[in-house]
Amino acid sequence: MDTARSMVRIVNQKTAHSILNKNTSFEQALIRQRRRSPEATSTTILLEDSLDRVRGYLMNIAEATIDHAIHRRTRQL
């Protein structure tokens, strides 16, 4: 959470790209977890879905940070 907050606050494009590059491994970890517990309880399913939504939000924040950095850079030119 602190990494995402500082990434947006200081428009850290490098951190944003790093987070986007980890998206596949985050997704694969969630898929592996789901396969390990095929008879998951509703609580486990809810937790996994919430983690997947947080992953999606984080990816959106990283993309928005990159867009903002590009926009800011083009305004300065």
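Values below: every heavy atom of this structure, side chains too, minus hydrogens, waters and symmetry copies.
Atom OG1 of Thr15 and atom CD1 of Ile19 lie 6.5 Å apart (nearest 0.5 Å). Separation of atoms CD1 (Ile45) and OG (Ser50) is listed at 11.5 Å; rounding is to 0.5 Å. Note that OG1 of Thr65 and NE2 of His17 are 10.0 Å apart. Values are rounded to the nearest 0.5 Å.
Here Arg72 does not pair with Asp67 in a salt bridge; the nearest charged N to carboxylate O distance is not below 4.0 Å.
With a 4.5 Å cut-off on side-chain heavy atoms, Glu48 and Asp52 do not count as touching. Between Gln33 and Arg36, some side-chain heavy-atom pair lies under the 4.5 Å cut-off.
Not one N or O on the side chain of Thr44 forms a donor-acceptor pair closer than 3.5 Å with the backbone of Ala40.
Partners of Glu39 by side chain to side chain contact (heavy atoms under 4.5 Å, CB included), not counting sequence neighbours: none found. The side chain to side chain contact (heavy atoms under 4.5 Å, CB included) check on Glu63 picks up Leu20, Asn60, with sequence neighbours excluded. For the side chain to side chain donor-acceptor pair (under 3.5 Å) test, no residue two or more places apart in sequence or in another chain qualifies with Ser42. Taking Arg35 as the reference, nothing meets the side chain to side chain donor-acceptor pair (under 3.5 Å) condition, with sequence neighbours excluded. Considering only residues two or more places apart in sequence or on other chains, Arg32 meets the side chain to side chain donor-acceptor pair (under 3.5 Å) condition with none of them. By the side chain to side chain donor-acceptor pair (under 3.5 Å) test, Thr43 pairs with no residue at all, sequence neighbours left out. For Asn23, the side chain to side chain contact (heavy atoms under 4.5 Å, CB included) partners at least two apart in sequence or on another chain are Glu27, Arg55, Met59. Remark: Ala69 engages Val11, Gln13 in a side chain to side chain contact (heavy atoms under 4.5 Å, CB included) (not counting sequence neighbours).
Cluster partners of Leu51 are Leu30, Leu47, counting Ile, Leu, Val, Met, Phe, Trp and Tyr whose side-chain heavy atoms approach within less than 4.5 Å, directly or via other members.
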